[in-house]
Amino acid sequence: METLTIAQLGNPILREHASLISATQYQEFAPFFNALQQKMLEHNGVGIAAPQVSESIRAFIVASRPNPRYPDAPMMEPTLMLNPEITWASENMEKDWEGCLSIPGIRALVSRHSHIEVRYDTLEGKEVKTQMEGFIARIFQHELDHLNGLVFLDRAD
Ligand SMILES: O=C(NO)N[C@@H](Cc1ccccc1)C(=O)O
Ligand SMILES: [Zn+2]
């Protein structure tokens, strides 16, 4: 695994529909997911999606925590989510500021569902069903967009 570089807006990889991963492949990808988390932390990211390092698979990390880029971000354990889906989304929408490691230096106000219910697999192949709200729900929706070839500017008000 050579060192990962973050694809910038304009790179067609960011516009692909990423592929599901089969559970038999999860463990093979473990070193890649570690490198992905490292790359996110290097850039003070609070999330990162595999397509951003040109790996078009349905996997991302949600890792909200206060940092210089998002001083008010809530604290959570960095969480790797495989084959993630939204299973329910609130009618209620909230606007807040977003950035993207693939679009450095730009922030925009984006409307997102304020509450969502999600499902994803862990690296061990366990299915997790849970609900999210606020900034963490926002990051999940931002990362899921990346798996579907969307970036936050596509949704900016
Ligand atoms: O580019 C990514 N993830 O794809 N990282 C974003 C994640 C994010 C998402 C939503 C709101 C704020 C921030 C970052 O700035 O750390
Ligand atoms: Zn992004």
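Positions are given from 1 along the sequence. Whatever order the structure lists ligands and atoms in, that order sets their numbers, starting from 1. Remember, it's a predicted structure, so these values are computed and weren't measured experimentally.
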Per-atom contacts, ligand 1 versus C100 - under 4.0 Å to a heavy atom:
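Answer, ordered by atom number: 1 (O).
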
Please list, in number order, the atoms of ligand 1 under 4.0 Å from a heavy atom of Q52.
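In order of numbering, the contacting atoms are 1 (O), 2 (C), 3 (N), 4 (O).
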
Stepwise side-chain contact (heavy atoms from CB on, under 4.5 Å) test for E55 and F33:
CA-CA 11 Å; E55 188 67 56; F33 294 137; over 6 Å; no

Looking only at distances, can you tell me whether any N or O atom of R69, backbone or side chain, sits closer than 3.5 Å to an N or O atom of ligand 1?
yes

Polar proximity ligand 1 side, A49 side, N/O cut 3.5 Å exclusive
no

Suppose we measure from atom 6 (C) of ligand 1 to each protein heavy atom; which comes out shortest, and what is that distance?
G99 O, 3.6 Å

Can you name the nearest heavy-atom pair linking A7 to S102, along with the distance?
O-OG, 2.8 Å

Consider ligand 1: state whether an atom of it lies below 4.0 angstrom from any non-hydrogen atom of F152.
no

Pairwise side-chain contact, D96 with R112, heavy-atom cut-off 4.5 Å (strictly under)
no

Under 4.0 Å from a heavy atom of Y70: give me the atoms of ligand 1 that qualify, with their elements.
12 (C), 13 (C), 14 (C), 15 (O), 16 (O)

For N148 and R58: C-alpha separation, side-chain torsions, deciding distance, then whether side chain to side chain donor-acceptor pair (under 3.5 Å) applies.
CA-CA 9 Å; N148 298 324; R58 301 189 78 77; 2.7 Å; yes

Enclosure of Q131 CD (heavy-atom neighbours >12, cutoff 6.0 Å)
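No, CD of Q131 has 12 or fewer neighbouring heavy atoms, counting only those of other groups under 6.0 Å.
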
Hey, does F135 sit under 4.0 Å from ligand 1 if you only count heavy atoms?
yes

The single option from R155, R138, R69 passing salt bridge (charged side-chain N to carboxylate O under 4.0 Å, His left out) against E98:
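Between E98 and the candidates, salt bridge (charged side-chain N to carboxylate O under 4.0 Å, His left out) is satisfied uniquely by R138.
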
What part of M40, side chain, backbone, both or neither, has a heavy atom within less than 4.0 angstrom of ligand 1?
neither

The test is side-chain contact (heavy atoms from CB on, under 4.5 Å); show your working for N83 and Y26 and say whether it passes.
CA-CA 10 Å; N83 297 331; Y26 290 172; 3.0 Å; yes

Please list the nearest protein heavy atom to atom 16 (O) of ligand 1 with its residue and the distance rounded to 0.1 Å.
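Checked against all protein heavy atoms, atom 16 (O) of ligand 1 sits closest to V46 N, 2.8 Å.
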
R107, H146, H142: member with heavy atom nearest to atom 10 (C) of ligand 1:
H142

I need the atoms of ligand 1 closer than 4.0 Å to a non-hydrogen atom of G45, numbered in the order shown.
16 (O)

Pull out every atom of ligand 1 sitting under 4.0 Å from any heavy atom of E143, numbered as shown with elements.
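Counting from 1, the qualifying ligand atoms are 2 (C), 3 (N), 4 (O), 7 (C).
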
Which residue owns the protein heavy atom closest to atom 5 (N) of ligand 1, what's the atom, and how far is it?
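Checked against all protein heavy atoms, atom 5 (N) of ligand 1 sits closest to G47 O, 3.0 Å.
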
Filter on ring-ring contact (aromatic ring centres under 6.0 Å, His included), then keep only pairs touching residues 53-99, sequence neighbours left out; what's left?
F60-F140, Y70-F135

